[in-house]
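Accompanying notes for the structure given below.
Order of the sequence lines fixes the chain letters, A, B, ..., with proteins taken first and strands second; residue numbering starts at 1 for each chain. None of these values were measured; they are calculated from a predicted model. What you see below is based on every heavy atom in this structure, not just the backbone, and it leaves out hydrogens, waters and symmetry mates.
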2 protein chains.
Amino acid sequence: MKARAARTQRRTRIQEENEERILKAALEVFSTHGFRGSTIDQIAEAAGMSKPNLLYYFRTKDDIHRLLIERLLDTWLDPLRAIRPRGDPLAEIRSYIRRKLEMARDYPRESRLFANEILQGAPRITDALEGPLKRLVDEKAEVIRQWSREGRLAPCDPYHLIFSIWATTQHYADFDVQVRAVLGPDRGGDGRFEDAARFLEQLYLEGLKSGTKGG
Amino acid sequence: MKARAARTQRRTRIQEENEERILKAALEVFSTHGFRGSTIDQIAEAAGMSKPNLLYYFRTKDDIHRLLIERLLDTWLDPLRAIRPRGDPLAEIRSYIRRKLEMARDYPRESRLFANEILQGAPRITDALEGPLKRLVDEKAEVIRQWSREGRLAPCDPYHLIFSIWATTQHYADFDVQVRAVLGPDRGGDGRFEDAARFLEQLYLEGLKSGTKGG
DNA sequence: TAATATTTTGACCGTTTGGTAAACATTGCA
DNA sequence: TGCAATGTTTACCAAACGGTCAAAATATTA
């Protein structure tokens, strides 16, 4: 029985280990060089195996990338999904910012992989953007709009609110080098995420509390 | 006299035209595929000339990229430089956001070129980040801090304030595909920049007006 | 342990890539 | 007009690239 077929049926211990090693290495490489900027050799070396050996587990470079993106999209929107329509608006938004910042801190490579993909025109995930992503955002935007209608949140454009939270939080993963360079060795350390959280919470909670006029 | 030497002295009309054509084409290509993802052939084709012809004007692919980045950095920080310490804090911040949004709208390729560079670890511009950029940000951060001290602006971390403005405005250039996909054909049109401006101004002006407690 | 299935390797292939060399064409000017 | 400087093209190269193949090595199991 060939390995190809086997993988779809039963997976060996070695298969499981090596595929995971490859994906981990590929995430590192793809996220820092983009798809075209990464070579199979680079990934193989990072995974500690030869190129043909790697290609025994994944038929093409594209396959690896596709799987990584697929996995990513699966969990990337969890924080947004976690917004509860019945919760307190400002508390929900604060939690959302928190969770997104934690993801930027704990999964910066995933963030950069995504950013690379979008930056280059999202050739492989346009469907996901226009389908599931749009639907989820539409749903949560309606929740936010309802909060505003009920006077529990300042009236504002829910889509641009979501965009701005994406932007500000992912910035700390995607533009990490710049953030560190500007903050310098002192303030660029581990504390920067807490400083960011404090600032963003202040900005959003003050900027969005009801009683504030808005568009 | 060789062309190489001539370029440093007097530039022919043809030289001027072709170098400009090449840079324009290269900006388009580099900004959407990154450095390694772009090929000289692609740039040459976009510029409407043959590869050797292009290489007559620029010795290497790297040279083109370096020049583009150099030009970019030169104007990229103009909006930040334009912040006047003696102006009204909220008005200055509003203008800054406006200008940055306009740049995202009018020069999205430059924004993406920069984003690509930072995302991939800023290998070619670390010096610029740690030097001139950091100095400028330090200077303006002090201005902002002073505003807070004077009670004309809510106390806040000036660095993260600047980061958040960078992030939210550049987002509309760098993540354009995603923004369009989510907003859909109706709201994704030309109006999205004005909607964004309205939202961001509300957020920042309300979130930062003095009288607000902060860290 | 023997037989079988799986895993790893080295040698290789066609294509693409960045870049060169030299011949050819064009332009600008005395 | 003639001639040198400038500009363009054709043909090419070596290295890097994505990927294949068959044989060797290892692991699994009857």
Practice task
Rounded to the nearest angstrom, tell me the gap between atom CG in A:Asp41 and atom P in C:dT9.
Solution key: 13 Å

Exercise for the section: For A:Tyr57 and D:dT20, give me the distance from atom OH to atom P, rounded to whole Å. Expected result: 17 Å

Handout entry: For atom CD of B:Glu45 and atom P of C:dT16, their distance in whole Å
Key = 14 Å

Handout entry: For atom CG of B:Leu55 and atom P of D:dC12, their distance in whole Å
Key = 19 Å

Completion exercise
Taking for A:Asn53 and for B:Asp62 the nucleotide of DNA chain C with the nearest heavy atom, the one nearer the 5' end belongs to A:Asn53

Completion exercise
In whole angstroms, the gap separating P of C:dT9 from CD1 of A:Ile14 amounts to 12 Å

Practice task
Using the six-membered ring wherever Trp is involved, compare the ring planes of B:Tyr172 and B:Phe193 and label them parallel, tilted or perpendicular (cut-offs 30° and 60°).
Solution key: tilted

Handout entry: Nearest-angstrom distance from the residue atom CD of B:Gln15 to P of C:dT26
Key = 19 Å

Exercise for the section: Give the ring-plane orientation class for A:Phe30 versus A:His65, where under 30° counts as parallel, over 60° as perpendicular and anything between as tilted. Expected result: perpendicular

Practice task
With heavy atoms under 4.0 Å as the rule, sort B:Thr39 into base, sugar-phosphate or nothing.
Solution key: sugar-phosphate

Problem - B:Ser50 side chain near D:dT9 phosphate (N/O to OP1/OP2, under 4.0 Å) - result: yes

Practice task
Could you verify whether a donor N or O on one side chain and an acceptor N or O on the other, from A:Tyr204 and A:Ser164, lie under 3.5 Å apart?
Solution key: yes

Exercise for the section: Kindly give the heavy-atom pair with the smallest separation between A:Leu73 and A:Ala128, and that separation in Å. Expected result: CD1-CB, 3.6 Å

Practice task
Give a yes or no answer on whether the side chain of A:Arg112 reaches the backbone of A:Thr32 with a donor-acceptor pair at less than 3.5 Å.
Solution key: no

Practice task
Please check the phosphate of D:dG7 (OP1 and OP2 only) for any side-chain N or O of B:Tyr56 closer than 4.0 Å.
Solution key: yes

Exercise for the section: Using atom CG of B:Leu54 as one end and atom P of C:dT20 as the other, report the distance to the nearest whole Å. Expected result: 13 Å

Practice task
Report yes if a side-chain nitrogen or oxygen of A:Asn18 is closer than 4.0 Å to either non-bridging phosphate oxygen (OP1 or OP2) of C:dT8; otherwise report no.
Solution key: yes

Handout entry: A:Ile40 side chain, from C-beta outward: closest of D:dG19, D:dT8, C:dT9
Key = D:dG19

Completion exercise
Between A:Arg13 and A:Gln42, the residue closer to the 5' end of DNA chain D by nearest nucleotide is A:Gln42

Problem - Base D:dG19 paired with A:Lys61 side chain (donor-acceptor, <3.5 Å) - result: no

Fill in the blank from the handout: From CZ of B:Arg59 across to C1' of C:dA21 the rounded distance in Å is 17 Å

Problem - N or O in side chain of B:Thr12 less than 4.0 angstrom from D:dG7 OP1/OP2 - result: yes

Handout entry: Comparing A:Pro52 and A:Arg36 on DNA chain C - which has the more 5′ nearest nucleotide
Key = A:Pro52

